[in-house]
Each structure stands twice: as C-alpha cells, then as structure tokens.
2 protein chains.
Amino acid sequence: MSGILHVLLHMAEHDGPVTSEVLAKAMSTNPVVIRRIMAGLREQGYVRSEKGRGGGWSIARRLADITLRDIYAAIGSPPLLAMANRSDNPACLVERAVNGALGKAFDDAEALLLARFEEVTLADLSADFHAGMNKAGMNKKDTVSLESVHGS
Amino acid sequence: MSGILHVLLHMAEHDGPVTSEVLAKAMSTNPVVIRRIMAGLREQGYVRSEKGRGGGWSIARRLADITLRDIYAAIGSPPLLAMANRSDNPACLVERAVNGALGKAFDDAEALLLARFEEVTLADLSADFHAGMNKAGMNKKDTVSLESVHGS
DNA sequence: TAAAATGTAATATGTAACATTACATGATAC
DNA sequence: GTATCATGTAATGTTACATATTACATTTTA
C-alpha cells in the first residue's frame with residue numbers, strides 16, 4: 001500500500017502519462033508488477049492507461065476525491081493485522097475465550113485504521129509533500145522528476 | 001499468540017504438569033515447537049518445566065498476575081501490523097509524506113492494541129472460559145481434558 | 001511498418017514461518 | 001543401575017506465499 005501511494009503521488013506530480021518502466025524503477029521493482037497493480041486500480045476508475053508511444057499511466061480523478069481507504073479497498077482490502085485471530089477449533093471453549101478477548105481488540109484496532117484511512121485524501125498527501133519541498137528550500141523550478149529523486 | 005494463550009489456559013485447567021507431546025496435539029503441531037516457545041516463557045518466569053517421568057510444563061505465577069501484554073512481550077513483541085511502513089528511501093519527499101500519514105495511523109492502532117493487552121489477564125480469560133462452560137450446561141465433573149476437546 | 005507501450009499467462013525465485021529429525025541431558029521408577 | 005520418560009537444542013527439511021521474471025500478444029502512434 002505504501003508503495004502504491006508512492007507511485008500515485010509521483011504520477012500526480014508528473015505531467016502526462018508515466019510508463020510502467022519508469023514507475024518500476026522508482027519503486028525498484030519490475031514493470032509487470034506495476035501493470036498488475038495498476039490494472040486493478042484502473043478497474044475501479046482511479047487511474048487510466050494509454051498504449052503505444054507516448055502512453056503510460058495517469059490519475060483519472062481529482063486527488064481530493066481519492067481517500068486512502070479507497071486505495072485500500074481497490075487493492076483488495078488485504079489483512080491489516082499480522083496476528084491472525086485463528087479459530088481453528090470453534091468447538092473448544094478455551095479457544096472461544098481467547099478469540100473473544102483478542103478478537104475485540106483486533107477488531108477495534110482495525111476499525112481505527114480504516115477510519116483514519118477515510119480521513120486522508122491523496123490531495124492531503126500531496127500537500128504534505130509540497131510543504132516538505134518548501135521546507136527543503138526547493139521551488140517549482142526544481143523538477144521533481146522520478147529520476148532526480150530515485151536515481152537513474 | 002492466540003495459540004500460546006490457548007496452551008497456557010489448558011495448562012491452567014490441568015492439575016500437575018502437562019507434557020509437550022500433549023500440548024502439541026492440542027495445537028496440532030510438533031512437541032519441539034512447544035518446547036521452543038515455552039523455553040522463552042520460562043526464562044521470563046511465566047512457566048516452569050520438569051524433566052523425567054511425570055514431568056512437563058506448568059504455570060509458575062497466578063493467572064491474575066499475567067497480562068496479555070506480558071505474554072506478548074515474552075514472545076519477543078512480534079509485529080502486530082501486517083503492512084510494514086517501509087522507509088526504503090527516506091530522502092524521497094514523496095515517501096516521507098506517505099510515511100507521515102500512514103505511520104501515525106499505524107502507531108495509534110498499535111498503541112490501542114497494546115493498551116488492550118495490558119487490561120486483560122489470564123485470569124480474565126479463564127473466567128470467560130468457565131462462564132462459557134456453565135452456559136453449555138457442563139459442570140466440574142465434566143473433565144476438561146485436552147483429549148476430550150481436541151480429539152485423541 | 002517499426003517502435004513503444006500495455007496485457008497477461010506461465011514460470012521462477014526468494015524467504016519467512018513452521019515442522020521434523022536426531023541426539024544429548026536430566027529425572028524417576030523399579 | 002538401568003530402562004524409560006521427559007525436556008533441550010542444533011541442524012535440517014518443508015510449505016506457503018509474495019514477489020519477480022520471461023515470453024509473447026496486442027494496441028497505438030510516428
């Protein structure tokens with residue numbers, strides 16, 4: 001997820017489509033991996049792809065209209081918590097007691113995370129980014145190309 | 001963690017030491033796995049082991065004096081969240097913005113979980129278990145042996 | 001038509017969690 | 001004192017899963 005947000009923000013900073021190859025270099029992964037992830041986001045309408053020369057990926061909505069929760073859902077709502085609250089043997093009363101206590105705590109933590117995700121849009125992240133850029137003494141002339149930040 | 005709590009409660013219900021072999025069957029795993037985990041808990045003083053005939057594992061403290069957080073710490077405080085908030089390239093301002101937003105949410109969720117862990121003792125879980133047993137119409141005569149609940 | 005890009009299936013690789021084997025050590029019963 | 005039962009632990013094997021790669025088809029534009 002962190003990686004996907006990373007890529008999306010880079011796309012937002014870039015005029016025109018960005019190729020899978022360039023995005024892959026920024027995340028130090030393979031272009032095919034990018035295409036697979038983006039294909040899912042495209043189906044939900046968050047990004048768009050263009051083939052052929054001059055093609056690539058671009059964002060299909062306004063940044064303020066995409067929340068972190070949207071992205072989370074778009075990538076299939078993967079598990080947020082590491083310790084699976086397994087209920088191997090629901091007939092075992094000991095296990096039921098354990099599941100009851102842990103389950104509530106885990107559910108609450110998950111709900112907290114999702115609520116936070118809902119509060120934050122890509123526009124917020126973009127604003128944070130630009131604030132950081134000002135703080136670093138850069139201005140708009142300093143091209144924020146993927147290459148300049150992530151190396152060739 | 002859920003598995004360890006499971007084993008500890010079973011030990012608590014059992015008079016006298018329980019062997020690794022029996023515990024392993026209850027968790028459908030290998031006795032050596034049990035020994036490795038329990039060895040860690042023993043170093044922290046939560047359980048004790050006895051060798052030789054009639055030996056096995058037993059709980060070394062009162063249940064009310066062991067919180068879920070104690071157990072969590074005793075097993076090495078493994079990661080609670082599934083999505084690692086990776087900071088591959090802290091020089092990248094985009095990544096910093098993403099880490100900032102996600103990191104806060106993750107930290108808060110983690111803190112919530114730990115706080116909950118601290119509130120619950122093994123005695124609480126044991127009480128839940130006995131409550132469930134009453135509800136199921138059992139009484140103390142119904143032996144709560146590992147075998148009866150988990151199969152041979 | 002050549003080159004550049006995505007689309008996607010099939011396969012490979014890395015790796016972390018878990019399981020197993022094998023053998024050593026200590027404790028108890030007879 | 002020896003046979004048996006139990007833990008202690010190192011070394012190794014297995015599985016599952018996420019990620020990466022290859023290969024080739026398709027679409028688009030110059």
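- Distance Met83(B) CE to dT19(D) P: 12 Å, rounded to the nearest Å.
- Residues satisfying the side-chain hydrogen bond (donor to acceptor under 3.5 Å, both in side chains) test with Arg42(A), not counting sequence neighbours, are Ser49(A).
- Aromatic ring centroids of His14(A) and His10(A) lie 6.0 Å or more apart.
- Glu118(A) meets the salt bridge (Lys or Arg N to Asp or Glu O under 4.0 Å) test with Arg69(A); sequence neighbours excluded.
- Of the residues in residues 33-50 of chain A, those placing a heavy atom less than 4.0 Å from an atom of DNA chain C are Arg35(A), Arg36(A), Arg42(A), Ser49(A), Glu50(A), in numerical order.
- Using modelled atom types and a 3.5 Å distance limit, the side chains of Trp57(A) and Ser20(A) yield a donor-acceptor pair.
- Remark: Asp65(B) engages Arg62(B) in a side-chain hydrogen bond (donor to acceptor under 3.5 Å, both in side chains) (not counting sequence neighbours).
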Are any protein N/O atoms closer than 3.5 Å to N/O atoms in nucleotides 27-30 of chain D? If there are, list each pair with its distance.
unit_1	atom_1	unit_2	atom_2	d
dT27(D)	O4'	Lys51(A)	NZ	3.4

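- For dT7(D), the OP1/OP2 oxygens have a side-chain nitrogen or oxygen of Ser20(B) closer than 4.0 Å.
- Clustering of Ile, Leu, Val, Met, Phe, Trp and Tyr by side-chain heavy atoms under 4.5 Å joins Leu112(A) with Leu112(B).
- With sequence neighbours excluded, the residues forming a side chain to side chain contact (heavy atoms under 4.5 Å, CB included) with Gln44(B) are Tyr46(B), Ala74(B), listed by chain and number.
- With sequence neighbours excluded, the residues satisfying side chain to side chain contact (heavy atoms under 4.5 Å, CB included) with Ser58(B) are Arg48(B), Glu50(B).
- Listed by chain and residue number, Leu9(B), Glu13(B), Leu63(B), His130(B) satisfy the side chain to side chain contact (heavy atoms under 4.5 Å, CB included) test with Ser126(B) (two or more places apart in sequence, or in another chain).
- Between Ile4(A) atom CD1 and dA18(D) atom P there is a gap of 14 Å when expressed in whole angstrom units.
- In this structure, Glu21(A) atom CD and dT22(D) atom P are separated by 13 Å, rounded to whole Å.
- Along DNA chain C, read 5' to 3', the first and last nucleotides having any atom under 4.0 Å from a heavy atom of chain B are dA19(C) to dA29(C).
- Asp70(B) is linked by a side-chain hydrogen bond (donor to acceptor under 3.5 Å, both in side chains) to Thr67(B), counting only residues two or more places apart in sequence or in another chain.
- Following rounding to the nearest Å, Leu23(B) (CG) and dA6(D) (P) show an atom-to-atom distance of 12 Å.
- In this structure Asp107(A) satisfies the side-chain hydrogen bond (donor to acceptor under 3.5 Å, both in side chains) test with no other residue, sequence neighbours excluded.
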